[in-house]
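All remarks here apply to the structure that follows.
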Amino acid sequence: MRVLCATCKTPDPAAEALFKVTVTKAGGTLSASVVDFGDSACEQNKIDSYMELLGTDGDTVLGADDNGGEGLCSALSKTNLAVGTYYLVI
């Protein structure tokens, strides 16, 4: 697996944040975005995020975004997901 330790299931130190998301109904949609704390940091380009949605194998990139949200903040949406556990790396 690219992001997770195969036996310990802990985040790779190179990843800033790793989220495990479980889709329980086929055809589900996952939407994620990086937002500021109301201080306009995204709009002022003080936050520059990047995110990837990885498949159930923890390796296949199903989607990625660099600046799809406000300013340099990222936002990602993926539809028609199968039931399973996915990984969001930010």
Subject >> Non-neighbouring partners of A41 that pass side chain to side chain contact (heavy atoms under 4.5 Å, CB included), sequence neighbours left out >> reply: D36, D39, K46, I47
Original post:
How close do Y50 and A64 get, heavy atom to heavy atom, and via which atoms?
Top reply: OH-CB, 3.3 Å
Subject >> Pair listing, disulfide (SG to SG under 2.5 Å) test, anchored in residues 33-90, at least two apart >> reply: C42-C73
**OP:** List the steps, then state whether side-chain contact (heavy atoms from CB on, under 4.5 Å) holds for M51 with V34.
**Re:** CA-CA 9 Å; M51 70 173 65; V34 173; 3.8 Å; yes
**OP:** Taking side chain to side chain contact (heavy atoms under 4.5 Å, CB included) as the test, write out the residues that go with S33, two or more places apart.
**Re:** V35, A75
Subject >> Partners meeting side chain to side chain contact (heavy atoms under 4.5 Å, CB included) with L30 (sequence neighbours left out) >> reply: V21, L53, L81
Original post:
Out of curiosity, L62 CG to Y87 OH, how far, rounded to the nearest 0.5 Å?
Top reply: 12.0 Å
**OP:** Calculate, to the nearest 0.5 Å, the distance between atoms CD and CG belonging to E52 and D66 respectively.
**Re:** 10.5 Å
Original post:
Looking at side-chain heavy atoms only, is the closest gap between L54 and Y86 below 4.5 Å?
Top reply: no
**OP:** Just grab all the side-chain hydrogen bond (donor to acceptor under 3.5 Å, both in side chains) pairs involving residues 21-31, residues at least two apart or on different chains.
**Re:** T22-T85, S31-S77
Original post:
Got a sec, which residues hit side chain to side chain contact (heavy atoms under 4.5 Å, CB included) with N45, two or more places apart in sequence or on another chain?
Top reply: L72
